[in-house]
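Here is the structure we will look at, set down as C-alpha cells.
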Amino acid sequence: MPNLGLLKKIINYKTAITITAVIFICLAAFNLVGTNSLSTEGVVVSEVETKTLKLEKENQIISVKIEEASQLKNIETLAESRGFIRSKSIVFVPTPPTFAQR
C-alpha cells in the first residue's frame, strides 16, 4: 500500500472538517433560497384562491338571477308589461309533406 501515506496526508481532520463545513453552508443557503421562493409562491397561490372563491360566489349569484329571470311567472309579467296578450285560440298551420323528388 504505497499510496496510503499519501492519502493520509491529503485527507486529514482539518480538510475533512473544512469540506463538511462548506457543504453544510451550501446546503443551508440552498434551503434558505428554496424556503423563500416557496413562501412567495404561497402568497401568490393564496391570492389566486381568494380570487377563485370570489368568482365562485359571483357565479352562484348570477345563477340565482338566471333562475329567477327564467321562471315562467316572471316571463309572463314581463311580456304583459311590454304589451303582449295571451292568445285565446291556437291556430295550427298545416305543412305539406316533404318528399324527395327525382
Side-chain angles (χ1 to χ4, degrees):
M1 297 231 179
N3 292 334
L4 185 59
L6 181 63
L7 187 60
K8 285 183 180 180
K9 287 181 184 177
I10 293 174
I11 300 177
N12 57 19
Y13 289 111
K14 288 183 181 180
T15 308
I17 290 173
T18 306
I19 291 172
T20 305
V22 169
I23 290 172
F24 180 75
I25 290 172
C26 289
L27 288 175
F30 286 137
N31 187 18
L32 182 64
V33 170
T35 304
N36 185 27
S37 67
L38 286 175
S39 67
T40 54
E41 287 177 10
V43 170
V44 173
V45 169
S46 177
E47 290 175 359
V48 170
E49 286 178 353
T50 304
K51 288 180 183 178
T52 302
L53 291 174
K54 182 180 176 183
L55 290 174
E56 285 177 356
K57 287 180 183 179
E58 288 180 12
N59 191 16
Q60 289 176 349
I61 292 171
I62 291 172
S63 295
V64 168
K65 287 181 180 179
I66 289 172
E67 288 178 14
E68 289 176 355
S70 64
Q71 290 179 353
L72 292 177
K73 181 180 178 183
N74 293 338
I75 294 173
E76 182 181 10
T77 56
L78 181 64
E80 287 176 354
S81 68
R82 292 191 179 180
F84 290 93
I85 57 170
R86 184 179 291 267
S87 176
K88 303 296 182 200
S89 63
I90 299 175
V91 177
F92 292 100
V93 179
T95 57
T98 56
F99 294 104
Q101 297 179 359
R102 290 187 184 193

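All figures in this text were calculated on a predicted structure; none of them were measured in a lab. Computation of the quantities below employed the complete heavy-atom set of this structure, encompassing side-chain atoms and omitting hydrogens, waters and symmetry-equivalent molecules.
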message = Return the CG to CD1 distance between L55 and I62, rounded to the nearest 0.5 Å.
response = 9.5 Å
ask   = Around I85, counting heavy atoms of other residues, nucleotides and ligands shown, do more than 12 lie under 6.0 Å from its CD1?
value = no
remark   = Between the CD atom in E58 and the CD atom in Q60, the distance rounded to the nearest 0.5 Å is 11.0 Å
Gap between atom CD of Q71 and atom OG1 of T77 - 0.5 Å precision = 10.0 Å
query = Should I23 and L27 count as side-chain neighbours, where that means a heavy-atom distance under 4.5 Å?
reply = yes
ask   = Any chance CG of L38 has more than 12 other-residue heavy atoms, nucleotides or ligands included, within less than 6.0 Å?
value = yes
query = In Å, rounded to the nearest 0.5 Å, how long is the span from CG of L78 to CZ of R82?
reply = 4.5 Å
